[in-house]
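Below: one structure, written as structure tokens.
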Amino acid sequence: MNTNARAADAVLLLHGLWMNRFVMCYLAHALKRRGFSAEVVAYRSMRETLDDHLGRLAKRVAALTTTRVHLVGHSFGGLVVLRYLQRNPDKRIGRVVLLGAPVAGCRAAAAFAQRRGGEFLLGKSLGAWRDPIDTSLDRRFDVGVIAGTRALGLARMLVRLPNPNDGVVCLDETRFRGMRDHLTLPVGHMGMLFSARAARQMGEFLETGAFGR
């Protein structure tokens with residue numbers, strides 16, 4: 001895809017739980033270098049509900065004037081993206097990349113919820129983890145998943161997770177039937193946000209619908 005064609009495409013990036021928009025700046029910059037128009041969607045991951053997040057994302061997508069809109073979600077942000085795709089999304093949605101997103105359940109979140117102070121740790125996102133797991137997705141969506149296998153993350157210090165995992169999310173929690181492609185990289189849960197290789201593979205999928213490997 002040439003640069004002019006990419007410029008007609010917008011990419012919205014969503015951060016994960018406890019994070020803010022700045023953690024996605026490296027990936028947004030990497031996409032801009034490839035010619036995309038990239039913006040980070042900031043949302044209050046603990047102080048608002050999943051429905052609030054979905055409404056905020058829907059408004060940001062609707063406000064864009066580009067012909068196609070791609071989505072990138074890290075961790076809990078990836079779960080928000082998947083739920084958005086399941087609920088009457090904008091017809092201009094193009095490709096989607098999920099980074100370390102526990103869309104098929106999250107052992108770490110379940111363990112946090114059972115601990116004393118778990119409701120404080122997870123805030124209003126707690127309801128999203130208690131909802132029945134739904135990974136159904138219309139096949140018209142091109143979704144690529146990047147998962148880490150280096151166990152570097154806060155959850156590893158508090159919860160015993162089965163291998164392989166990225167320190168927060170287990171590899172099997174990132175897989176679901178509706179995805180188009182799945183790639184594992186030797187990075188931790190937060191490290192993937194600052195990995196040149198992860199950024200390159202993300203851009204590759206948004207351009208072609210497959211990871212370059």
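Here the side chain of Gln201 pairs a donor or acceptor atom with the backbone of Gly212 at under 3.5 angstrom. Of the possible polar contacts, one joining the Arg92 side chain to the Thr66 backbone as a donor-acceptor pair under 3.5 Å is found. A distance-only check finds a donor-acceptor pair linking the side chain of His70 to the backbone of Arg95 [under 3.5 Å]. Panel note: side chain Arg180, backbone Arg139; a donor-acceptor pair is recorded below 3.5 Å. Using a distance-only test at 3.5 Å, with no hydrogens or angles considered, a donor-acceptor pair links the side chain of Tyr84 to the main chain of Asp90. Checking side-chain atoms of Glu173 against main-chain N and O of Arg107 turns up a donor-acceptor pair under 3.5 Å.
Between atom CG of residue Asp9 and atom OG1 of residue Thr67 there is a gap of 5.5 Å, rounded to the nearest 0.5 Å. Distance CG/Asn165 to CZ/Arg160: 12.0 Å, rounded to 0.5 Å. The CE atom of Met19 sits 14.0 Å away from atom CG of Leu14, with the distance rounded to the nearest 0.5 Å. For the atom pair CG (Leu82) and CZ (Arg87), the distance works out to 10.5 Å, reported to the nearest 0.5 Å. From Thr135, atom OG1 reaches atom CG of Leu79 across 11.0 Å, with rounding to the nearest 0.5 Å. Residue Asp142 holds its CG atom at 10.0 Å from CG of Leu206, rounded to the nearest 0.5 Å.
The shortest side-chain heavy-atom distance between Val143 and Phe176 falls under the 4.5 Å cut-off. Proximity of Leu13 to Leu31: side-chain heavy atoms (C-beta onward) are separated by under 4.5 Å at one or more points. A heavy-atom distance below 4.5 Å is not found between the side chains of Val187 and Asp166. The shortest distance between side-chain heavy atoms of Leu12 and Leu64 falls below 4.5 Å.
Using a 4.5 Å cut-off between side-chain heavy atoms of Ile, Leu, Val, Met, Phe, Trp and Tyr, with links allowed through other members, Leu193 and Leu171 fall into different hydrophobic clusters. The cluster map of Ile, Leu, Val, Met, Phe, Trp and Tyr, joined by side-chain heavy atoms under 4.5 Å apart, puts Val69 and Leu137 in the same cluster. Residues Phe194 and Trp18 fall within the same hydrophobic cluster, defined by Ile, Leu, Val, Met, Phe, Trp and Tyr side chains chained together at heavy-atom separations under 4.5 Å.
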Stepwise ring-ring contact (aromatic ring centres under 6.0 Å, His included) check, Phe211 with His182
CA-CA 8 Å; Phe211 294 117; His182 189 282; 8.3 Å; no

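The two residues Ala198 and Ser195 make their nearest non-hydrogen contact at N-OG, 3.1 Å. Minimum heavy-atom separation, Thr174 to Ala147: OG1-CB, 3.6 Å. Taking all atoms of both residues into account, the shortest heavy-atom contact from Ile93 to Pro89 is CG1-CB, 4.3 Å. Annotation for Ala28 and Val40: closest pair CB-CG2, 4.1 Å, computed over non-hydrogen atoms. In this structure, Ala101 and Gly78 approach most closely via the heavy-atom pair CB-CA, 3.8 Å.
Residues Glu204 and Arg34 are paired through a salt bridge, judged by an N-O separation under 4.0 Å between the basic side chain and the carboxylate.
If you run side chain to side chain contact (heavy atoms under 4.5 Å, CB included) between Met202 and each of Leu183, Leu27, Leu98, Val11, only Leu27 comes through.
Within 6.0 Å of the CG atom in Asp138, the count of heavy atoms belonging to other residues, nucleotides or ligands exceeds 12. Counting non-hydrogen atoms of other residues, nucleotides and ligands closer than 6.0 Å to CZ of Arg177 gives a total of 12 or fewer.
Side chain to side chain, Ser136 and Asp134 meet the donor-acceptor criterion of an N or O pair below 3.5 Å. In this model, a donor atom of one side chain and an acceptor atom of the other lie less than 3.5 Å apart for Ser75 and His189.
Ring geometry for Phe76 versus His53: interplanar angle over 60°, hence perpendicular rather than tilted (30 to 60°).
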